[in-house]
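Residues: numbered from 1 along the sequence shown.
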Amino acid sequence: MIYTKTGDRGTTSLVGGSRVAKDDHRVEAYGTVDELNSHIGLLAEMFRSSQGGYYDELKAVQHNLFTLQTLLATEDETIYARLPQLEEDEVEILERQIDTITDLLPKLQNFVIAGGNITGAQCHVCRTVCRRAERCVVTLAREAKIDDVIMRYLNRLSDYLFVLGRRAVVAEGKQEDLYIS
């Protein structure tokens, strides 16, 4: 059964069973990462149907985000230590992917306005949701211990999504919409 009715009064369970308000900073953080994960799922499907090459990378990101969500949803340190962890090498993988994509792009000298094509626009939606998730984690980190790798991963992921958005536009032979002041 999908419904439990246990959240009907505005609380939810964390990993381990403790209950908190649905607007708790921890819930806001992992909920925003969940939203990001859903947007990236859409983006992955867009790449699969159009420019296929980044589908597998995005699916790997989704798995990492699910690990990250689980870690953020766990306040019990004993349980936390037994969970799969987000490793530093995942940040390094994103950095290598950013570098590879950047090498395929024209040098950037202006701000990019989101858009250019549907896939590029969705990359920017993902990027902005990722930035919001990062802000939520920063807020949570003021009151709970958060592994540094989580914040580094989200920070790097938004950079990855930015260059991927540019790549989606350029690969289609379209012109990026640049902000000229």
Side-chain angles (χ1 to χ4, degrees), residues 15 26 28-74 77 79-108 111-112 114-141 144-172 176:
V15 173
R26 187 173 294 280
E28 187 66 32
Y30 75 71
T32 306
V33 173
D34 186 33
E35 180 184 351
L36 170 63
N37 208 340
S38 295
H39 279 292
I40 289 179
L42 175 60
L43 180 62
E45 294 306 320
M46 294 168 92
F47 271 104
R48 177 163 49 184
S49 64
S50 66
Q51 303 169 22
Y54 299 102
Y55 175 82
D56 291 337
E57 288 180 11
L58 291 165
K59 295 311 280 184
V61 165
Q62 284 192 283
H63 284 266
N64 287 336
L65 289 176
F66 204 89
T67 297
L68 197 152
Q69 287 171 240
T70 305
L71 294 171
L72 291 172
T74 307
E77 292 181 22
I79 296 172
Y80 189 97
R82 294 192 313 251
L83 292 172
Q85 301 294 309
L86 186 65
E87 302 295 334
E88 184 65 37
D89 67 331
E90 296 299 336
V91 175
E92 294 166 3
I93 289 168
L94 283 176
E95 289 172 349
R96 286 192 299 276
Q97 291 168 338
I98 291 166
D99 293 343
T100 299
I101 295 168
T102 300
D103 287 345
L104 301 172
L105 298 171
K107 187 175 179 187
L108 190 60
F111 288 106
V112 174
N117 63 17
I118 298 292
T119 305
Q122 180 62 21
C123 285
H124 286 285
V125 169
C126 292
R127 175 186 59 79
T128 59
V129 174
C130 187
R131 288 289 191 206
R132 180 162 36 89
E134 184 181 12
R135 292 190 304 272
C136 290
V137 171
V138 167
T139 299
L140 176 60
K145 183 180 180 292
I146 301 298
D147 286 341
D148 290 343
V149 69
I150 291 174
M151 286 201 261
R152 281 196 302 279
Y153 187 82
L154 289 172
N155 191 311
R156 220 60 89 247
L157 180 56
S158 64
D159 295 336
Y160 169 80
L161 293 164
F162 174 76
V163 298
L164 190 59
R166 293 189 66 215
R167 178 67 185 143
V169 173
V170 170
E172 202 173 270
E176 293 180 278

[atom1]-[atom2] distance between [X] and [Y], expressed to the nearest 0.5 angstrom:
{"X": "Thr32", "Y": "Glu134", "atom1": "OG1", "atom2": "CD", "value": "12.0 Å"}
{"X": "Thr67", "Y": "Ile150", "atom1": "OG1", "atom2": "CD1", "value": "10.0 Å"}
{"X": "Thr70", "Y": "Ile79", "atom1": "OG1", "atom2": "CD1", "value": "12.0 Å"}
{"X": "Asp147", "Y": "Leu71", "atom1": "CG", "atom2": "CG", "value": "7.0 Å"}
{"X": "Ile98", "Y": "Asp103", "atom1": "CD1", "atom2": "CG", "value": "12.0 Å"}
{"X": "Leu42", "Y": "Thr119", "atom1": "CG", "atom2": "OG1", "value": "9.0 Å"}

Any [X] side-chain heavy atom under 4.5 Å of [Y] side chain:
{"X": "Leu65", "Y": "Leu154", "answer": "yes"}
{"X": "Glu176", "Y": "Leu105", "answer": "no"}
{"X": "Arg166", "Y": "Cys123", "answer": "no"}
{"X": "Glu57", "Y": "Val61", "answer": "no"}
{"X": "Leu58", "Y": "Leu164", "answer": "yes"}
{"X": "Ile146", "Y": "Leu72", "answer": "yes"}
{"X": "His124", "Y": "Phe162", "answer": "yes"}

Next on the checklist: Just to verify, what does Cys126 make a side chain to side chain contact (heavy atoms under 4.5 Å, CB included) with, not counting sequence neighbours?
Outcome noted: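 Here the qualifying residues are Leu36, His39, Ile40, Leu43, Gln122, Leu161.
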Checklist entry - Checking side chain to side chain contact (heavy atoms under 4.5 Å, CB included) for the pair Arg132/Thr128: CA distance, chi angles, key distance, verdict? => result CA-CA 6 Å; Arg132 180 162 36 89; Thr128 59; over 6 Å; no
Please find the pair of heavy atoms, one from [X] and one from [Y], that lie closest to each other, and give the distance.
{"X": "Tyr55", "Y": "Phe47", "answer": "N-CB, 4.2 Å"}
{"X": "Leu68", "Y": "Tyr153", "answer": "CD1-CD2, 4.1 Å"}
{"X": "Val170", "Y": "Pro106", "answer": "CG2-CD, 4.1 Å"}
{"X": "Ala141", "Y": "Met151", "answer": "CB-CE, 3.9 Å"}
{"X": "Met46", "Y": "Ile118", "answer": "CE-CG2, 2.9 Å"}

Next on the checklist: If we ignore hydrogens and angles and just use 3.5 Å, is the side chain of Asn117 paired with the main-chain N or O of Gly120 as donor and acceptor?
Outcome noted: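 Yes; judged by distance alone, with no hydrogens or angles, the pair exists.
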Next on the checklist: Could you walk me through whether Tyr30 and Leu140 satisfy the side chain to side chain contact (heavy atoms under 4.5 Å, CB included) test, starting with their C-alpha distance in whole Å, then the side-chain angles of each, then the deciding distance to 0.1 Å, before giving a yes or no?
Outcome noted: CA-CA 10 Å; Tyr30 75 71; Leu140 176 60; over 6 Å; no
Checklist entry - Under the salt bridge (charged side-chain N to carboxylate O under 4.0 Å, His left out) test, which residues partner Glu87, sequence neighbours left out? => result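 Scan of Glu87 (salt bridge (charged side-chain N to carboxylate O under 4.0 Å, His left out), adjacent residues dropped) gives none.
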Item to check | Cationic N near anionic O, under 4.0 Å, Asp159 to Arg131 | outcome: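 Looking at Asp159 and Arg131, the cut-off is met.
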Item to check | Basic-acidic side-chain contact under 4.0 Å: Arg152, Glu88 | outcome: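 Counted as a salt bridge, because a side-chain N and a carboxylate O are separated by less than 4.0 Å.
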Checklist entry - Could you walk me through whether Tyr80 and Gln85 pass the side chain to side chain contact (heavy atoms under 4.5 Å, CB included) check? => result CA-CA 9 Å; Tyr80 189 97; Gln85 301 294 309; 3.5 Å; yes
Item to check | Worked check of side chain to side chain contact (heavy atoms under 4.5 Å, CB included) between Leu157 and Asn64 | outcome: CA-CA 11 Å; Leu157 180 56; Asn64 287 336; over 6 Å; no
